[in-house]
Amino acid sequence: MTSPTHFFEVTLEGKPSAVREGLAHIRAELAALGETENFLGRLETVLAEVLNNIVEHAFKPGSNGEITIHLRKGRHDWHIRVDDTGNCMPNTAVPNGDLPSLETDFYNLPEGGFGWALVKMLANQVRYVRHEGGNRLEFLLPLAWDAE
């Protein structure tokens with residue numbers, strides 16, 4: 001017996017308030033499908049990092065960029081594709097996701113540099129391509145996750 005296919009997409013403006021609204025909408029949709037709080041938290045962490053990076057780095061200030069998030073449930077994971085109309089990633093590649101050095105005193109800890117490391121820790125098969133004048137980021141988010 002196969003499970004029903006769940007697919008939906010959300011399109012939003014490339015601005016912080018739209019990201020917050022989009023994340024809340026996606027969370028509500030998946031919660032209604034019975035996804036666990038653990039999964040929803042991981043999804044929200046990854047998508048918030050990705051979407052906020054798009055808003056902050058891919059769109060020029062004052063531009064009306066657009067982001068579309070496609071979500072499709074598989075047997076063991078959700079396949080997520082994020083398309084945007086912004087500038088391409090540096091080096092046309094996903095950042096390597098290395099954590100910044102923490103070998104320093106508390107007052108000199110880095111402020112940023114943790115986002116892509118989190119994405120790569122929580123998501124599988126992270127891929128990026130420049131597609132039809134925009135960006136396409138795809139990844140799988142497992143339904144079950146073992147932190148080890």
Side-chain angles (χ1 to χ4, degrees), residues 6-74 76-104 106 108-148:
H6 297 292
F7 173 84
F8 68 98
E9 65 181 40
V10 175
T11 299
L12 47 105
E13 290 180 79
K15 58 186 186 179
S17 60
V19 167
R20 285 189 298 277
E21 292 168 9
L23 288 171
H25 175 75
I26 291 167
R27 185 179 183 92
E29 287 280 340
L30 296 187
L33 293 174
E35 298 301 350
T36 67
E37 281 299 313
N38 180 291
F39 175 82
L40 294 172
R42 287 183 287 114
L43 174 68
E44 194 166 20
T45 298
V46 171
L47 276 180
E49 181 60 32
V50 167
L51 298 175
N52 285 320
N53 275 337
I54 292 168
V55 169
E56 186 175 343
H57 302 293
F59 298 132
K60 294 177 183 168
S63 70
N64 293 324
E66 185 175 273
I67 305 167
T68 303
I69 305 114
H70 309 263
L71 301 104
R72 180 175 37 89
K73 188 172 186 176
H76 301 289
D77 49 35
W78 277 87
H79 176 265
I80 299 156
R81 188 179 92 209
V82 181
D83 294 318
D84 71 73
T85 58
N87 296 319
C88 68
M89 284 193 177
N91 302 317
T92 318
V94 173
N96 61 18
D98 292 338
L99 285 169
S101 174
L102 301 178
E103 298 298 320
T104 187
F106 176 77
N108 290 315
L109 286 171
E111 184 176 323
F114 297 92
W116 279 106
L118 267 174
V119 169
K120 288 192 168 184
M121 277 189 257
L122 298 174
N124 296 327
Q125 299 179 28
V126 179
R127 294 179 304 233
Y128 165 79
V129 294
R130 188 79 177 152
H131 181 74
E132 296 180 1
N135 300 299
R136 174 167 287 169
L137 181 75
E138 295 183 80
F139 56 90
L140 299 176
L141 198 65
L143 291 168
W145 185 69
D146 183 358
E148 295 182 336

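Computed from a prediction, not measured in an experiment: that's the story for all the values here. For reference, positions follow the sequence shown, starting with 1.
Residues Val46 and Phe139 have side chains in contact (heavy-atom distance under 4.5 Å, counting atoms from C-beta outward). Residues Asn124 and Asp77 form no side-chain contact, since every pair of their non-hydrogen atoms from C-beta on lies 4.5 Å or further apart. Side-chain contact check for His25 versus Glu21: every heavy-atom pair is 4.5 Å or farther apart. Two residues are said to be in side-chain contact when any heavy atoms from C-beta on lie closer than 4.5 Å; His79 and Glu138 meet this criterion.
At least one donor-acceptor pair under 3.5 Å links the side chain of Arg42 to the backbone N or O of Pro142. In this structure a side-chain-to-backbone donor-acceptor pair under 3.5 Å is missing from Arg27 to Leu30. Counting only distance, with no hydrogens or angles, the side chain of Arg130 and the backbone of Met89 share no donor-acceptor pair below 3.5 Å. A side-chain donor-acceptor contact under 3.5 Å links Asn135 to the backbone of Gly86.
Of the listed residues (Ile67, Thr68, Asp84), just one forms a side chain to side chain contact (heavy atoms under 4.5 Å, CB included) with Leu12, and that residue is Ile67.
Put simply, CG on Leu51 and CD on Glu56 are 12.5 Å apart, with the number rounded to the nearest 0.5 Å. The CD atom of Glu35 lies 13.0 Å from the CD1 atom of Ile26; values are rounded to the nearest 0.5 Å. For the atom pair CG (Leu71) and CD (Glu9), the distance works out to 9.5 Å, reported to the nearest 0.5 Å. Atom CG of Leu141 sits about 14.5 Å away from atom NE2 of His76, to the nearest 0.5 Å. Here CD1 of Ile54 is found 7.5 Å from CD1 of Ile69. Values are rounded to the nearest 0.5 Å. From Leu43, atom CG reaches atom CG of Asn38 across 11.5 Å, with rounding to the nearest 0.5 Å.
Of all the heavy atoms in Gly65 and Phe59, the pair that sits closest is CA-CE2, 3.4 Å. Between Phe39 and Leu143, the shortest heavy-atom contact is CD1-CA, 3.9 Å. Contact record, Ala48 with Leu23: CB-CD1, 3.7 Å, taken as the closest heavy-atom pair. Across every non-hydrogen atom of Arg72 and Phe7, the tightest pair is CB-CD1, 3.8 Å.
Within 6.0 Å of CD in Glu44 there are more than 12 heavy atoms belonging to other residues, nucleotides or ligands.
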Original post:
Step by step, would you call Asn87 with Lys60 a side-chain contact (heavy atoms from CB on, under 4.5 Å)?
Top reply: CA-CA 8 Å; Asn87 296 319; Lys60 294 177 183 168; 4.1 Å; yes
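His131 and Asp83 are not linked by any side-chain donor-acceptor pair at a separation below 3.5 angstrom, with hydrogens and angles left out of the test.
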